[in-house]
Engineer: 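Let me give you the structure first, and then I'll get to my questions.
Residue numbers start from 1 in every chain, and the chains themselves are labelled A, B, ... in the order their sequence lines are given, proteins ahead of strands.
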Amino acid sequence: MNPIEEIKSALRGVIISSLHKARAEQALVFEEIPPFVIEVPREKGHGDFACNVAMLMAKSARRKPREIAAIIVDHLDREGLDYLQQVEVAGAGFINIFLHPQWLYNIPRLVLQMKEAYGSAPRNGKRVQVEFVSANPTGNLHMGNARGGAIGDSLANVLHYAGYDVKREFYINDAGNQIEIFAESLEARYLQLSGQHVPFPENGYAGQDVVDTVKGILAREGDRFLNMDSAQRRQLLVAMALEEKLAYIRRTLESFGIHYDVWYSEKTLHESGQVNAVIEELRQKGYIYEKEGAQWFKTTQFGDEKDEVVIRANGLPTYFAADIAYHKEKFQRGFDWVIDVWGADHHGHVARMKGAMTALGLDPAGLDVILMQLVRLYRGGQIVRMSKRTGTTVSLDELIEEVGRDAARFSFVMRNPDSHLDFDLELAKQQSLENPVYYVQYAHARICSIFRQAQAGGIQWHPGSEVDMSVLKATEEIAILRKVAEFPMEVEISAKTLAPHRIARYALDLAGLFHSYYNHFRVLQDDLILQQARLNLMKVIQIVIANALAIIGVSAPEQM
RNA sequence: GCGCCCGUAGCUCAGUAGGAUAGAGCAACGGUUUCCUAAACCGUGGGUCAGGGGUUCGAGUCCCUUCGGGCGCACCA
């Protein structure tokens with residue numbers, strides 16, 4: 001149920017039949033109707049909806065746009081559409097359509113019926129997987145992971161709302177070169193903390209968190225690893241450390257409001273032979289060759305600048321090889337649509353991955369990658385350097401502790417993933433106007449307060465159909481109803497364009513309309529009919545704000 | 001050097017799949033409380049949409065180019 005889309009499609013139908021009628025009467029000559037839009041004009045004076053078809057047809061119909069528009073208006077079947085109030089030709093040839101406000105008075109009933117489901121589309125039967133964060137389990141979660149987590153989780157929420165069957169997945173990089181280095185780092189720290197003078201690996205994980213992990217292991221396990229051979233020692237150390245790191249990652253993300261359906265281990269892809277199998281498949285299709293002892297995948301055939309190694313000269317597969325197997329496996333699991341949320345530093349990987357899918361006979365259009373630009377962290381205007389290796393970073397758990405989950409999530413989701421984000425901790429934690437999350441939450445809390453007041457005053461609220469909404473005649477009230485009507489469309493566009501930040505913007509807009517309204521109109525007042533209608537209006541705003549906040553992953557407090 | 005992303009008000013950012021007179025918040029200045037929460041509201045000032053060219057009836061939006069910033073260009077992930 002999408003009120004705006006319904007009206008738009010009705011308008012579209014009426015305009016198309018008007019065009020056909022005009023042609024039948026030889027008032028207009030054209031071959032076919034170009035794809036045109038019915039849109040919501042920015043200017044209120046331009047009507048509730050506007051159509052650009054006349055301008056698009058001008059060339060082929062060899063008439064001036066305004067003439068065509070006038071012909072369309074003349075042939076319009078005004079009886080064919082409810083609520084039609086006025087249609088006029090304007091500007092360069094726009095058809096501006098004004099509707100009777102009556103079309104909005106049914107919206108509250110719909111919202112009150114659907115409640116938390118308002119804005120959602122019927123299940124469409126499509127399965128989509130969103131993989132996000134997938135941080136290396138070798139260190140703390142950083143700001144990039146926080147942004148990816150907020151965006152990925154909200155996107156999953158939006159897609160669910162838009163009718164998809166959504167699964168959230170975390171890919172655990174528990175194999176490969178980084179894990180080797182991690183193991184070496186752990187071993188070095190273990191030996192050092194046991195009093196031995198051994199060098200720390202040049203590219204090792206130098207962060208304090210690794211030291212802490214090893215201290216914990218020493219406390220629990222003692223020095224029993226000292227007498228083992230190095231390979232066994234590393235294996236045991238890394239197994240324990242990974243378990244600890246994963247527990248930390250899971251715990252932190254849960255406290256950020258993120259719950260995964262699947263934690264997928266890279267290691268299992270290697271152990272099950274799927275990585276080797278997919279390389280074999282590519283080899284048989286002629287995409288693999290050997291050079292300097294390594295196995296190369298001809299990614300240049302898919303537009304890459306250079307070919308890519310999949311099996312190193314030492315016989316070990318690269319990350320890319322495992323990722324190919326992983327993505328193949330995703331589609332084997334039956335997902336119609338696979339979405340990855342990656343940091344912008346991985347952008348070079350996208351074309352390769354899609355190329356690999358093409359090579360395997362999979363449709364690369366089934367894969368979408370959201371590349372989010374990196375986060376630059378500030379504290380009171382001073383840049384905070386992020387480095388996983390040196391450990392001088394603010395981790396996600398520290399962010400939640402300092403800024404709070406709601407403010408952090410809202411700040412991340414509010415921004416377009418494409419934007420280079422300057423995140424200032426001081427601003428984000430201010431419970432002030434700098435911080436839009438409170439503005440939205442406050443709208444929700446204020447409405448709750450109105451209902452508490454009503455109850456305390458013995459005012460009965462009658463939700464639903466028996467209330468006459470048409471007493472809401474103020475332009476502010478019409479504007480709110482209209483905004484509320486747009487919510488399902490907003491969800492749909494957000495899902496289609498993979499842009500959850502639109503929901504945050506929408507919530508801000510609606511909260512703004514509410515606050516302004518609140519300061520100019522009284523809900524609880526003597527005119528009982530108006531009071532009931534306004535209570536309904538308030539309830540509707542409350543529901544929509546709560547739904548929007550739920551998508552963003554932010555709480556909707558009843559009191560602030 | 002090559003590729004991707006970004007450049008919109010003093011600051012942080014929107015800009016609805018190319019539409020009509022480019023918006024919001026903050027900051028600045030001036031107002032609003034006997035009234036459902038002042039974490040709010042109202043008003044004022046503030047723009048060569050980085051520069052240039054092109055496509056189009058119409059460009060912040062698409063193409064080319066210059067400049068500036070970020071990120072990639074490993075037998076790392």
Engineer: At under 4.0 Å between heavy atoms, what does Val40(A) touch on the DNA or RNA strands: base, sugar-phosphate, or nothing?
Structural biologist: base
Engineer: For a quick check of understanding: with a heavy-atom distance under 4.0 Å over all strands, which category does Ala443(A) fall into, base, sugar-phosphate or nothing?
Structural biologist: nothing
Engineer: Under 5.5 Å between ring centres and under 30° between planes: does that hold for Tyr439(A) against the base of rA39(B)?
Structural biologist: no
Engineer: Taking atom C1' in both rA17(B) and rA59(B), compute the distance separating them and give it to the nearest angstrom.
Structural biologist: 14 Å
Engineer: Only one of Gln274(A), Lys267(A), Glu266(A) clears side-chain hydrogen bond (donor to acceptor under 3.5 Å, both in side chains) with His270(A); which?
Structural biologist: Glu266(A)
Engineer: Considering only rA40(B), rC5(B), rA20(B), which nucleotide approaches the side chain of Asn96(A) most closely?
Structural biologist: rA20(B)
Engineer: Side-chain N or O of Ser419(A) versus OP1/OP2 of rC5(B): is the shortest distance under 4.0 Å?
Structural biologist: no
Engineer: Using a 4.0 Å heavy-atom cut-off, does Ala454(A) contact any base of the nucleic acid, only the sugar-phosphate backbone, or nothing at all?
Structural biologist: nothing
Engineer: Between Lys59(A) and rC57(B), is there a side-chain N or O to OP1/OP2 distance below 4.0 Å?
Structural biologist: yes
Engineer: Looking for any heavy atom pair under 4.0 Å, which part of the strands does Asn52(A) touch: base, sugar-phosphate only, or nothing?
Structural biologist: base
Engineer: At under 4.0 Å between heavy atoms, what does Thr497(A) touch on the DNA or RNA strands: base, sugar-phosphate, or nothing?
Structural biologist: nothing
Engineer: Select base, sugar-phosphate, or nothing to describe what Leu524(A) touches, counting heavy atoms under 4.0 Å on all strands.
Structural biologist: base
Engineer: So what does Phe521(A) hit on the nucleic acid, given a heavy-atom distance under 4.0 Å: a base, only sugar-phosphate, or nothing?
Structural biologist: base
Engineer: Between Lys8(A) and Phe49(A), is NZ or CZ placed under 6.0 angstrom from the six-membered ring centre and within 45° of the ring axis?
Structural biologist: no
Engineer: Assign Lys64(A) to base, sugar-phosphate, or nothing according to its heavy-atom contacts below 4.0 angstrom with the strands shown.
Structural biologist: nothing
Engineer: Closer than 4.0 Å, any side-chain N/O of Arg42(A) to the OP1 or OP2 of rA20(B)?
Structural biologist: yes
Engineer: Once you apply a heavy-atom cut-off of 4.0 Å, does Asp424(A) come out as touching a base, just sugar-phosphate, or nothing?
Structural biologist: nothing
Engineer: Does OP1 or OP2 of rC76(B) have a side-chain N or O of Arg312(A) closer than 4.0 Å?
Structural biologist: yes
Engineer: When the P atoms of rG58(B) and rC71(B) are compared, how many Å lie between them, rounded to an integer?
Structural biologist: 40 Å
Engineer: Ring-on-base stacking between His347(A) and rG72(B), under 5.5 Å between centres and under 30° between planes: is it there?
Structural biologist: no
Engineer: Hydrogens and angles aside, do His349(A) and Asp323(A) bring a side-chain donor and acceptor to less than 3.5 Å of each other?
Structural biologist: yes
Engineer: Ring-plane angle category for Phe182(A) and Tyr205(A), please: parallel below 30°, perpendicular beyond 60°, tilted otherwise.
Structural biologist: perpendicular
Engineer: Report yes if a side-chain nitrogen or oxygen of Arg505(A) is closer than 4.0 Å to either non-bridging phosphate oxygen (OP1 or OP2) of rG23(B); otherwise report no.
Structural biologist: no
Engineer: Does a side-chain N or O from Arg66(A) land closer than 4.0 Å to OP1 or OP2 of rG58(B), or not?
Structural biologist: no
Engineer: Tell me what Glu486(A) touches on the nucleic acid: a base, only sugar-phosphate, or nothing, going by heavy atoms under 4.0 Å.
Structural biologist: nothing
Engineer: Going by purine N1 to pyrimidine N3 plus the second Watson-Crick contact, or the G-U wobble pair, all under 3.5 Å, which nucleotide sits opposite rA14(B)?
Structural biologist: none
Engineer: At under 4.0 Å between heavy atoms, what does His515(A) touch on the DNA or RNA strands: base, sugar-phosphate, or nothing?
Structural biologist: sugar-phosphate
Engineer: Mind checking His349(A) for me? I need base, sugar-phosphate or nothing, with any heavy atom below 4.0 Å counting as a touch.
Structural biologist: nothing
Engineer: Counting the atoms with a prime plus P, OP1 and OP2 as sugar-phosphate, which does Ser449(A) contact under 4.0 Å by heavy atoms, base, sugar-phosphate, or nothing?
Structural biologist: base
